[in-house]
Amino acid sequence: MKAEGTLSDKIILAIDDTSIDRIRRLIAATSPFITTYKIGSIAFTALGPGLIQEVRASGKDVFLDLKYLDIPHTVSKAVRQAVSLGVKMITLHTLGGREMMERSVEASDNRAMLLGVTLLTSMDAEQAGAVGLRGDVHEIVGRLAALALGAGLHGLVASGQEGPRLRKEFGSGPVLVVPGVRPSEYGTGSDDQKRVVTPQQAFASGADYIVIGRPVTESSDPARTLAEINEGLR
Ligand code: C5P
């Protein structure tokens with residue numbers, strides 16, 4: 001289940017919007033550069049499974065990023081539903097624990113890639129400590145990653161800053177998805193993201209896929225921004 005092929009397969013665009021018209025325009029504009037669109041809680045709450053069906057019908061893959069965290073029964077049934085909608089990638093929050101993840105792996109029947117979210121890229125050590133997670137960011141991410149991979153998940157979502165350590169500890173097997181990506185020329189800072197990396201750094205740190213949202217979706221010319229990102233990666 002590893003990433004292979006062209007850059008367009010490896011750059012996932014986060015659709016965090018509520019308007020189906022804007023989303024349709026975004027997909028039309030970015031389609032030559034993108035194979036997989038990430039649908040998270042903003043777009044899913046606004047537009048529901050119909051959006052997944054529409055993206056699939058346009059020939060694209062869907063990364064359903066709802067970061068499931070609930071009792072094992074609930075999450076495994078939700079995963080089964082997501083699989084039946086034909087999504088390619090699904091996130092679970094590793095804080096949901098081992099049984100929740102194991103039952104989800106079983107429910108997915110190997111028909112989708114299950115990814116564990118370790119620590120949100122918007123959180124630093126201080127914020128992690130405030131919710132009771134002990135240690136520095138690397139220790140927290142390492143512990144949660146071990147739990148997720150031990151439960152049979154296919155991979156992890158983690159900041160590029162954790163990439164090298166994760167690769168060192170867990171090898172090249174797990175799929176590594178890196179959000180919190182900001183091209184160096186992105187002028188307006190990192191938004192609410194704290195542990196950001198550039199696309200080049202993300203891939204150099206071991207990412208199989210990068211997730212990018214606002215630097216593209218809020219650009220006046222999303223296609224050009226993606227073309228520039230691609231250019232910078234060649
Ligand atoms: O706009 P931006 O590039 O910050 O979007 C990043 C996307 O990746 C958002 O949809 C966010 O929910 C998601 N994400 C993240 N950090 C994680 C997991 C997912 O930023 N650890």
Side-chain angles (χ1 to χ4, degrees), residues 10-18 22-23 26-27 30 33-34 36-47 51-52 55 62-69 87-96 113-125 127-128 131 133 137-138 140-145 147-148 153-163 165-166 174-203 205-220 222 225-226 228-229:
K10 298 179 174 210
I11 300 178
I12 298 173
L13 185 61
I15 306 176
D16 290 322
D17 200 341
T18 57
R22 274 196 307 265
I23 291 172
L26 179 72
I27 293 177
T30 58
F33 301 95
I34 298 291
T36 306
Y37 289 88
K38 185 173 86 65
I39 297 175
S41 45
I42 298 175
F44 189 79
T45 305
L47 300 164
L51 177 61
I52 297 176
V55 174
V62 171
F63 174 1
L64 184 62
D65 181 24
L66 297 178
K67 301 183 182 64
Y68 292 126
L69 197 177
V87 310
K88 173 174 125 180
M89 304 160 97
I90 300 169
T91 48
L92 314 182
H93 208 303
T94 53
L95 289 177
M113 203 186 280
L114 296 193
L115 302 165
V117 174
T118 53
L119 191 63
L120 295 172
T121 39
S122 58
M123 289 180 81
D124 53 18
Q127 288 200 40
V131 297
L133 296 171
V137 165
H138 293 302
I140 297 167
V141 170
R143 266 198 320 267
L144 293 170
L147 187 69
L153 296 201
H154 301 102
L156 302 164
V157 181
S159 147
Q161 294 180 8
E162 277 87 57
R165 285 198 191 205
L166 290 171
V175 175
L176 190 58
V177 179
V178 170
V181 172
R182 294 289 177 271
S184 46
E185 55 279 3
Y186 185 62
T188 55
S190 55
D191 305 309
D192 54 349
Q193 300 282 20
K194 297 230 161 52
R195 290 174 291 122
V196 300
V197 291
T198 65
Q200 291 83 347
Q201 287 167 336
F203 285 118
S205 77
D208 292 302
Y209 299 93
I210 63 171
V211 171
I212 188 151
R214 288 163 288 184
V216 172
T217 58
E218 292 181 2
S219 152
S220 57
T225 303
L226 277 170
E228 285 166 3
I229 291 171

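For ligands, and for the atoms within them, numbers begin at 1 and follow the listed sequence.
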* To do: List every atom of ligand 1 that sits less than 4.0 Å from any heavy atom of Asp16, numbering the atoms from 1 in the order shown and giving each element.
  => 9 (C), 10 (O)

* To do: Number the atoms of ligand 1 from 1 as they appear, then name those within less than 4.0 Å of a heavy atom of Lys38, with their elements.
  => 7 (C), 8 (O), 9 (C), 10 (O), 11 (C), 12 (O), 13 (C)

* Under a heavy-atom criterion of less than 4.0 Å, does Lys67 contact ligand 1? -> yes

* **Mode of Asp65 contact toward ligand 1 - side chain, backbone, both, neither (heavy atoms, under 4.0 Å)** => side chain

* Which of the ligand 1 atoms, numbered from 1, are nearer than 4.0 Å to a heavy atom of Val211 -> 7 (C), 8 (O)

* Could you tell me whether the side chain of Asp16 reaches within less than 4.5 Å of the side chain of Thr217, counting heavy atoms only? => no

* Does Phe33 reach the side chain of Ile229, with side-chain heavy atoms less than 4.5 Å apart? -> no

* Asked: Are the side chains of Thr118 and Glu162 in touch, meaning some heavy atoms are under 4.5 Å apart?
  -> no

* To do: Return the minimal non-hydrogen interatomic distance between Leu13 and Gly213, and the atom names on each side.
  => CD1-O, 4.4 Å

* ligand 1 N/O within reach of Gly213 N/O, cut-off under 3.5 Å -> yes

* Asked: Is the closest side-chain heavy-atom distance between Phe203 and Val178 below 4.5 Å?
  -> no

* Asked: Given side chains that start at C-beta, do those of Met89 and Val177 come closer than 4.5 Å, heavy atoms only?
  -> yes

* **Atom indices of ligand 1, in the order listed, that fall short of 4.0 Å to a heavy atom of Arg214** => 1 (O), 2 (P), 3 (O), 4 (O)

* What atoms of ligand 1 come within less than 4.0 Å of a heavy atom belonging to Arg182? -> 1 (O), 2 (P), 3 (O), 4 (O)

